Amino acid sequence: MLDRKLTRKDPEKVRKGVAARGVDFDIDGFLELDERMRDLIQETEKLKHRRNTVSKEISALKKQGADASALMEEMKENSGRIKETDGELKEMEERIAGLELGIPNIPHDSVPYGTCDADNPEVRRWGEIPELPEKPLPHDEIGEKLGILDMSAGSLISGRGFVVLRGDGARLSRALVSLMLDIHREQGYEELAIPYLVNRDSMIGTGQLPKMEEDMYHCEKDDLYLIPTAEVPVTNIYRDAVLDGENLPMKATAFSPCFRREAGSYGQETKGMIRVHQFDKVEMVRWTLPEKSYEDLEILLDDACAVLQALELPYRVIELCSGDLSFSAAKCYDIETWAPGSDRWLEVSSCSNFEDFQARRARIRFKREKGAKPEFVHTLNGSGLALPRIIVTIFELNQTPTGKIRIPKALVPYMGGQEYIEA
RNA sequence: GGAGAGGUGGCCGAGCGGCUGAAGGCAUCCGCCUGCUAAGCGGUUGUAGGGUUAACACUCUACCGAGGGUUCGAAUCCCUCCCUCUCCGCCA
């Protein structure tokens with residue numbers, strides 16, 4: 001959520017920011033509504049002021065045993081008016097708040113302008129892409145051959161977009177989670193184990209709702225949502241809190257499965273385990289001082305890259321252009337690994353600075369010192385990392401001519417000393 | 001799921017329908033006092049929104065879990081919901 005005062009004071013900035021994302025939003029209509037609401041506020045407050053003063057008069061009169069019925073009669077009418085204007089005001093507030101929740105964050109000044117992912121500039125690369133057999137196999141073929149990936153079992157028990165890992169495949173997945181959490185713990189993140197079902201307020205807090213409702217799994221009976229990322233429960237642990245500024249930045253990491261309906265994605269994208277409805281991910285979240293958040297974004301990015309370096313997987317970092325930014329982000333880097341069997345780069349992490357956009361929605365604040373006014377923190381998060389695509393990359397990049405998969409050295413201890421996955 | 005108890009300021013805790021933004025205590029900060037420590041004395045300290053101001057300030061409104069209702073007037077009465085605790089039931 002943007003600062004309403006900013007929208008009032010500098011509508012041009014908001015207009016430009018929103019336009020850079022390719023979003024059409026009627027700022028003028030919004031401001032007009034805002035203005036009308038403020039008029040209405042004044043009107044009701046005048047009436048309420050009258051009510052307060054006259055109530056005291058009535059009380060005084062009654063105490064003296066005098067007759068207050070004339071005033072009471074007047075107040076009856078006044079009360080009716082208050083009820084009316086209050087009702088109107090409430091309606092208007094809801095309308096404005098509804099509109100406001102639909103305004104995306106404004107891209108940071110450093111974000112390059114663009115309309116789609118083709119406009120995302122590459123920031124840097126790490127690692128060498130190794131020699132591979134003439135025709136590298138895609139991960140799903142490798143996995144099925146070795147009996148460690150079972151696509152048909154997934155669709156049998158749940159449907160399209162669900163996969164089953166078996167044997168060493170499942171163990172590899174578990175090993176990856178442990179390695180990632182250990183790395184982030186050493187980087188100073190507090191490890192959390194969090195709920196995978198959250199309430200609506202949490203989903204609004206981080207910005208998934210109301211915009212992305214169609215992409216979320218929802219349990220109607222209990223009005224709970226399956227989390228699309230651990231970002232939601234983790235960021236929301238400090239919803240409505242006032243943090244101690246001296247403790248910032250605070251940082252936490254958590255593993256969770258992620259549930260996404262992926263409404264509207266079809267075709268090649270969905271082949272194998274590249275895009276599935278449920279996947280595992282380790283996430284990092286940071287709560288930081290506003291003036292430090294862009295420094296923090298670079299650190300966060302490095303913290304995510306550290307995992308890929310430990311796994312010896314070559315990657316590139318790209319910066320999302322204005323038109324490709326997610327709803328809540330002010331700036332975002334994606335990290336991609338090379339999947340030779342699929343002949344493409346795969347996004348395995350997304351590191352974003354939300355500035356105070358989420359904090360404002362979730363009311364996460366801090367005080368610089370004891371008596372200071374509470375301010376909104378800046379929140380950031382990044383995947384560290386998304387599992388299935390890492391598995392895809394390991395399968396495809398580490399396949400040997402003899403049809404085995406080499407396990408990255410850092411992972412070997414987590415695999416009980418096993419160095420290869422073979423049939 | 002059933003029965004009961006409860007949700008008040010940073011914390012604890014009082015609160016007859018009007019004089020309660022809210023007693024009292026603790027804590028905070030400021031000053032006084034005490035040669036240190038402890039104690040004592042006086043004062044101070046919420047959040048959000050509106051108006052106004054260059055700004056300090058000032059002023060109004062709202063907020064006692066949330067939302068409704070009754071009333072001239074609600075922290076206080078009524079209803080609904082949420083949460084916490086205790087007991088019972090059910091279940092990994």
Side-chain angles (χ1 to χ4, degrees), chain A residues 1-10 30-101 193-205 209 218-225 233 236-248 257 356-357 359-377:
Chain A
M1 194 158 60
L2 298 177
D3 185 354
R4 200 178 287 179
K5 282 179 186 151
L6 172 77
T7 314
R8 260 178 225 154
K9 229 166 94 184
D10 196 353
F30 177 81
L31 286 175
E32 202 186 303
L33 207 59
D34 177 62
E35 177 127 21
R36 269 199 285 153
M37 187 182 75
R38 278 181 294 157
D39 287 345
L40 202 58
I41 286 173
Q42 287 198 55
E43 197 182 327
T44 58
E45 290 195 348
K46 247 177 232 162
L47 290 170
K48 285 179 182 174
H49 180 55
R50 176 90 184 127
R51 177 179 69 188
N52 289 344
T53 50
V54 173
S55 278
K56 273 176 195 157
E57 284 170 33
I58 290 175
S59 162
L61 283 176
K62 285 204 161 175
K63 222 169 262 174
Q64 293 164 18
D67 176 39
S69 56
L71 279 178
M72 280 164 71
E73 203 49 44
E74 186 206 327
M75 278 305 99
K76 203 164 211 167
E77 207 186 303
N78 188 279
S79 272
R81 284 285 300 141
I82 288 177
K83 205 162 276 180
E84 269 171 47
T85 50
D86 256 352
E88 252 177 88
L89 193 59
K90 200 188 159 200
E91 214 173 283
M92 205 173 271
E93 260 165 1
E94 270 164 16
R95 260 178 77 192
I96 289 184
L99 285 174
E100 210 165 34
L101 285 177
I194 33 81
Y196 305 150
L197 288 166
V198 298
N199 56 32
R200 192 177 169 82
D201 282 348
S202 294
M203 293 289 274
I204 288 175
L209 294 184
H218 182 220
C219 307
E220 263 184 43
K221 243 182 185 161
D222 302 289
D223 196 23
L224 290 170
Y225 291 82
N236 275 284
I237 61 176
Y238 296 123
R239 177 148 48 86
D240 289 310
V242 179
L243 305 172
D244 185 346
E246 283 176 17
N247 294 337
L248 300 179
D356 65 4
F357 190 84
R360 204 173 279 284
R361 290 179 159 234
R363 295 166 303 277
I364 307 172
R365 297 176 298 171
F366 75 100
K367 284 187 181 177
R368 288 185 190 271
E369 55 216 50
K370 293 130 242 152
K373 269 228 173 273
E375 300 171 53
F376 289 109
V377 300

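Keep in mind the model is a prediction, meaning the values are calculated, not measured.
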Quiz prompt | Pairwise C1' distance, B:A57 and B:A5 [rounded to whole Å] | solution = 47 Å
Quiz item: Under 4.0 angstrom, heavy atoms only, what part of the nucleic acid is A:M72 near: base, sugar-phosphate, or nothing?
Solution: base
Quiz item: To the nearest 0.5 Å, how far apart are CE in A:M37 and CE in A:M92?
Solution: 8.5 Å
Self-check item: Any residue meeting side chain to side chain donor-acceptor pair (under 3.5 Å) with A:D356, in chain and number order, not counting sequence neighbours
Solution: A:R360
Exercise. Considering only atom C1', compute the distance from B:C16 to B:A22 and round it to an integer number of Å.
Key: 16 Å
Practice problem: Evaluate whether atom CD of A:E93 has more than 12 neighbouring non-hydrogen atoms of other residues, nucleotides or ligands under 6.0 angstrom away. | Solution: yes
Practice problem: Please measure how far the C1' atom in B:A39 lies from the corresponding atom in B:C77, and state the result in whole Å. | Solution: 47 Å
Practice problem: Check whether any side-chain heavy atom of A:L2 sits under 4.5 Å from a side-chain heavy atom of A:F357, and report yes or no. | Solution: yes
Self-check item: A:R368 CZ: over 12 foreign heavy atoms closer than 6.0 Å
Solution: yes
Quiz item: Rounded to the nearest 0.5 Å, what separation is found between the CZ atom of A:R365 and the NZ atom of A:K373?
Solution: 9.5 Å
Quiz item: With a 4.0 Å cut-off on heavy atoms, is A:K373 in touch with a base, just the backbone sugar-phosphate, or nothing at all?
Solution: sugar-phosphate
Exercise. For A:M75 and for A:R38, locate the closest nucleotide of RNA chain B by heavy-atom distance; then report the residue assigned to the nucleotide nearer the 5' terminus.
Key: A:R38
Exercise. For RNA chain B, note the earliest and the latest nucleotide, 5' to 3', having some atom under 4.0 Å of a heavy atom belonging to chain A.
Key: B:G18 to B:G73
Exercise. Answer yes or no: is there a donor N or O on one side and an acceptor on the other, between the side chain of A:S59 and the main chain of A:S55, under 3.5 Å?
Key: no
Exercise. Please figure out whether A:Q42 or A:K367 has its closest RNA chain B nucleotide nearer the 5' end.
Key: A:K367
Exercise. Looking at every strand, decide which applies to A:N78 at a 4.0 Å heavy-atom threshold: base, sugar-phosphate, or nothing.
Key: nothing
Quiz item: Which residues satisfy the salt bridge (charged side-chain N to carboxylate O under 4.0 Å, His left out) test with A:E43, sequence neighbours excluded?
Solution: A:R81
Quiz prompt | B:G46 and B:U20, which share atom name C1', separated by this distance in whole Å | solution = 16 Å
Exercise. Identify whether any heavy atom of A:R4 sits under 4.0 Å from a base atom; if not, whether one sits that close to sugar-phosphate; answer base, sugar-phosphate or nothing.
Key: nothing
Exercise. Could you measure between the two C1' atoms, the one in B:G18 and the one in B:U71, and give it in whole Å?
Key: 12 Å
Self-check item: Which residues share a side chain to side chain donor-acceptor pair (under 3.5 Å) with A:D39, sequence neighbours left out
Solution: none
Practice problem: Provide the distance between the two C1' atoms, one in B:A62 and one in B:A74, to the nearest whole Å. | Solution: 14 Å
Exercise. Using the P atom on both, measure B:G2 against B:C81 and round to a whole Å.
Key: 11 Å
Quiz item: Just checking A:L71: base, sugar-phosphate only, or nothing, at a heavy-atom cut-off of under 4.0 Å?
Solution: nothing
Quiz item: Heavy atoms under 4.0 Å, any strand shown: does A:R8 hit a base, just sugar-phosphate, or nothing?
Solution: sugar-phosphate
Quiz item: Across the strands shown, which category fits A:K62 at heavy-atom distances under 4.0 angstrom: base, sugar-phosphate, nothing?
Solution: base
Practice problem: Could you measure between the two C1' atoms, the one in B:C72 and the one in B:C26, and give it in whole Å? | Solution: 40 Å
Exercise. Using Watson-Crick or G-U wobble pairs with both distances under 3.5 Å, give me RNA chain B in dot-bracket, 5' to 3', with [ ] for crossers and | for pairs to another strand.
Key: ((((((((.[[[..)..(.....]]](.((((.......)))).)((((((......)))))).[[[[[..)....]]]]])))))))....
Self-check item: Pairs satisfying side-chain hydrogen bond (donor to acceptor under 3.5 Å, both in side chains), at least one member in residues 70-80 of chain A, at least two apart
Solution: A:R50-A:E74
